[in-house]
Protein chains: 2
Amino acid sequence: MSTAEKTFSKGLEGVVAAQTEMSFINGTEGILEYVGIAIGDLASQSSFEETVFLLWNKRLPTASELEAFTKDLRSHYTLCDEMITQIKSCPKDAEPMHVIRSMISMLAMYDTDPNANSVEAARQKSMRILAVTPAIVAVFDRYRRGLEIVPADPSLSFAANFLYMLNGEKPTEAMTRAFDICMITHADHGLNNSTFAARVVISTLSDVYSAITAAVGSLRGPLHGGANEGVMKMLNQIPTVDDAEAFVMNMIKNKERIMGFGHRVYKAKDPRASELMTLAKQLAEDTGNMDFYNKSNAIEKVMEREYAAKGIYPNVDFYSATTYHCIGLKLDLFTPMFVLARIAGWSGHVIEQLEDNRLFRPTTDYVGPHDVAYVSIDNR
Amino acid sequence: MSTAEKTFSKGLEGVVAAQTEMSFINGTEGILEYVGIAIGDLASQSSFEETVFLLWNKRLPTASELEAFTKDLRSHYTLCDEMITQIKSCPKDAEPMHVIRSMISMLAMYDTDPNANSVEAARQKSMRILAVTPAIVAVFDRYRRGLEIVPADPSLSFAANFLYMLNGEKPTEAMTRAFDICMITHADHGLNNSTFAARVVISTLSDVYSAITAAVGSLRGPLHGGANEGVMKMLNQIPTVDDAEAFVMNMIKNKERIMGFGHRVYKAKDPRASELMTLAKQLAEDTGNMDFYNKSNAIEKVMEREYAAKGIYPNVDFYSATTYHCIGLKLDLFTPMFVLARIAGWSGHVIEQLEDNRLFRPTTDYVGPHDVAYVSIDNR
């Protein structure tokens with residue numbers, strides 16, 4: 001832009017922008033912890049509900065606390081009739097992410113006190129948004145498919161209730177567990193772009209709806225939440241497992257970006273990817289999708305051979321693509337699944353920001369001219 | 001939060017987060033320039049349309065360029081019927097900022113290619129959003145007041161068309177000019193929070209609608225765009241001009257924040273405020289609102305006596321409150337006026353970001369525990 005550039009870190013890479021007690025990432029060693037607990041332990045032993053409690057309260061709940069938390073969450077599963085009407089007024093061919101962003105924004109209008117942003121109010125609004133967003137996704141998807149709306153079932157877990165509202169039948173144990181693990185592993189991840197956007201917006205002491213709406217808009221970008229859609233598109237382009245190696249080598253030759261590999265943060269293996277790899281394999285077996293799994297696996301082997309020395313490994317998007325495909329989700333619902341999970345992290349960060357707020361107001365490096373005279377239009 | 005804090009700049013104060021060729025701010029000397037031209041020159045000699053061209057193209061237009069730009073803008077004044085239906089489905093008691101955020105988000109659904117984000121596509125979408133948002137505000141306001149919708153008039157300027165759609169009658173020359181100057185002075189202002197939010201969101205290569213929606217959500221916060229509402233509320237609490245001094249001194253004594261004074265950036269007079277002060281006085285005379293103007297003036301005198309040595313001066317919000325009141329706007333339409341103007345700046349920054357993008361992905365200072373064991377729920 002100019003020759004007189006100030007030094008600054010583009011994209012704020014390496015710049016500390018907030019304190020958090022939620023997730024800790026060590027990219028070099030491939031570690032992800034939520035409040036100090038390894039993501040692998042949570043994925044294998046915890047539930048999404050418990051994980052959300054952990055992130056919002058900075059400790060695991062007792063049995064009675066978890067029961068109360070779950071009861072509160074389930075009491076907000078159901079969308080009001082006005083919101084169902086709003087969803088049904090969206091064009092059927094709209095991208096679900098545009099619908100979700102707009103509908104979360106509209107939730108504010110059906111809250112009698114949308115702007116309350118004490119920490120306690122923010123927790124309540126977060127609970128409501130977290131609980132009801134699965135219904136937004138399911139209602140829109142069934143509406144566009146011309147199917148009856150399936151009411152929420154408050155006897156079901158977050159994961160099971162969503163799959164039930166979406167598909168109209170109770171999910172199998174394996175699917176529920178698989179989906180729950182996807183939710184756990186995607187719940188929080190430091191100051192990723194959408195989380196940062198949420199913190200930036202709430203720092204004007206705006207409202208939780210504004211902050212989460214901003215985050216949804218960020219997440220839909222292909223450099224963020226849109227990445228697992230890219231993985232799926234690539235997998236769909238590869239005819240058989242045997243074609244995978246040649247396909248990837250050709251992409252490398254043409255310097256095309258291989259979706260689902262490498263991460264700004266992780267230079268070692270993405271610790272969330274290994275959980276999902278195990279899960280994806282089991283689900284693929286259960287649902288007769290081993291061809292997809294094997295294609296993923298073949299791509300990973302080529303990439304490992306070519307790039308592991310440079311620290312390029314499969315990231316969380318790589319295996320979540322296969323997982324969501326096996327669960328029966330259409331491609332344009334992949335990023336919305338990321339929304340369902342990450343609302344937990346976004347909300348937690350909004351709460352942390354409100355607890356110790358300072359308005360985000362960075363500066364620019366101005367690289368334009370100075371002292372320019374206003375020349376009247378006849379003299380230009 | 002923890003004793004082992006890293007040093008970081010809270011709120012990213014003083015941290016350079018982007019390069020820009022649009023606005024230059026020197027807070028110490030009270031200078032604001034758009035592409036090098038002093039804001040005072042633009043306010044007194046330019047139009048909002050020309051100012052937007054300047055911000056988006058980094059130079060003033062020729063006569064034929066301005067004509068083409070204006071024609072393009074006016075061709076997008078009218079809301080599609082589907083959007084009018086959407087606006088009329090909002091609860092009448094919704095805060096306009098929640099409506100505007102939701103409706104700009106929904107515009108994406110009525111764009112056949114909402115996600116296109118080449119620089120050229122971003123310009124076209126920015127033009128559409130800028131041109132049509134006045135209609136969103138006017139349609140919602142007339143709908144909630146139970147009045148007929150007034151269609152846009154493409155023979156009118158941006159400012160005149162908005163006032164016409166809102167009030168149902170052609171505005172006077174003075175009102176149009178006053179409103180136009182408000183639009184010019186609020187069009188851009190460096191990396192203020194909402195502009196920063198827009199750049200953060202577009203940096204995932206999301207879409208212009210997502211970015212502007214995020215910015216609207218940020219702007220509604222009381223630490224940002226909500227401030228001129230606070231000024232108005234304070235003015236309403238002061239019975240007469242003679243009560244102003246005692247009222248303000250009492251607030252100072254009680255350590256209450258006096259809305260409309262001081263600015264994170266300006267330590268000298270806010271250069272936008274002086275333009276508005278002149279304007280507010282003339283409008284107040286024209287519209288029989290000298291009591292309001294005199295109250296503002298009395299507050300400024302007390303504040304100057306008490307605080308000018310500390311660099312606390314009236315900011316742009318202080319006199320825009322009186323101005324908007326004289327134009328006949330209801331209190332909850334004050335921040336929406338800021339939206340109408342600032343879409344110019346938000347869009348310009350979105351375009352700059354797309355021209356040289358790098359994903360915003362700062363880091364956190366993690367201040368929680370490490371290596372925490374997952375204890376099963378029975379053992380907690």
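Below, read A as the first sequence line, B as the second, and so on, with proteins coming before strands; counting in each chain starts at 1.
Within the cation-pi definition used here (under 6.0 Å to the ring centroid, within 45° of the axis), A:Arg380 qualifies as a partner of A:Tyr374.
Using a 4.5 Å cut-off between heavy atoms, B:Ser46 touches chain A through backbone and side chain atoms alike. Both the backbone and the side chain of B:Gln45 have a heavy atom closer than 4.5 Å to some heavy atom of chain A. Heavy-atom distances place the side chain of B:Leu66, and not its backbone, under 4.5 Å from chain A. Residue B:Glu82 does not touch chain A at all, counting heavy-atom pairs closer than 4.5 Å. Residue B:Ile202 does not touch chain A at all, counting heavy-atom pairs closer than 4.5 Å. Both the backbone and the side chain of B:Ser89 come within less than 4.5 Å of a heavy atom of chain A. Heavy-atom distances place no part of B:Val216 under 4.5 Å from chain A, backbone and side chain included. Looking at B:Asp207, the atoms closer than 4.5 Å to chain A (heavy atoms on both sides) sit in the backbone and in the side chain alike.
Between B:Phe24 and B:Tyr34, the gap from one ring centroid to the other reaches at least 6.0 Å.
Of all the listed residues (B:Ala94, B:Ser23, B:Ala198), the one sharing the greatest number of non-hydrogen pairs under 4.5 Å with chain A is B:Ser23. Considering only heavy-atom pairs separated by less than 4.5 Å from chain B, the leading option among A:Ser9, A:Gly36, A:Pro114 is A:Gly36. No other option in B:Arg59, B:Glu33, B:Arg101, B:Glu95 has as many heavy-atom pairs under 4.5 Å with chain A as B:Arg101. Most heavy-atom pairs under 4.5 Å with chain B: of the set A:Ser203, A:Ser105, A:Ala214, A:Gly217, this distinction falls to A:Ser105. Counting heavy-atom pairs closer than 4.5 Å to chain B, the top residue among A:Ile25, A:Asp41, A:Ile37 is A:Ile37. When B:Leu219, B:Thr195, B:Asn115 are compared by the number of non-hydrogen pairs under 4.5 Å with chain A, B:Asn115 comes out ahead. Interface summary for chain A: among B:His224, B:Met103, B:Arg220, B:Gln353, the most heavy-atom pairs under 4.5 angstrom belong to B:Arg220. Of the listed residues (B:Leu54, B:Thr213, B:Leu60), the one with the most heavy-atom contacts under 4.5 Å to chain A is B:Leu60. Chain A forms the most heavy-atom pairs under 4.5 Å with one residue out of B:Val35, B:Thr62, B:Asp93, and that residue is B:Val35.
Between A:Asp188 and A:Arg342 there is no salt bridge, since none of the side-chain N atoms of the basic residue sits less than 4.0 Å from a carboxylate O of the acidic one. Checked for salt-bridge contact, A:Asp332 and A:Arg144 meet the test: a charged N lies under 4.0 Å from a carboxylate O.
Contact record, A:Leu205 with A:Leu354: CD2-CD2, 3.9 Å, taken as the closest heavy-atom pair.
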Practice item. List the steps, then state whether side chain to side chain contact (heavy atoms under 4.5 Å, CB included) holds for B:Met22 with A:Thr364. Key: CA-CA 10 Å; B:Met22 288 166 63; A:Thr364 57; over 6 Å; no

Practice item. Could you walk me through whether B:Met106 and B:Tyr209 pass the side chain to side chain contact (heavy atoms under 4.5 Å, CB included) test, one step at a time? Key: CA-CA 8 Å; B:Met106 290 201 102; B:Tyr209 300 99; over 6 Å; no

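For the residue pair B:Asn192 / B:Ser194, a side-chain donor-acceptor distance below 3.5 Å is found, with atom types taken as modelled.
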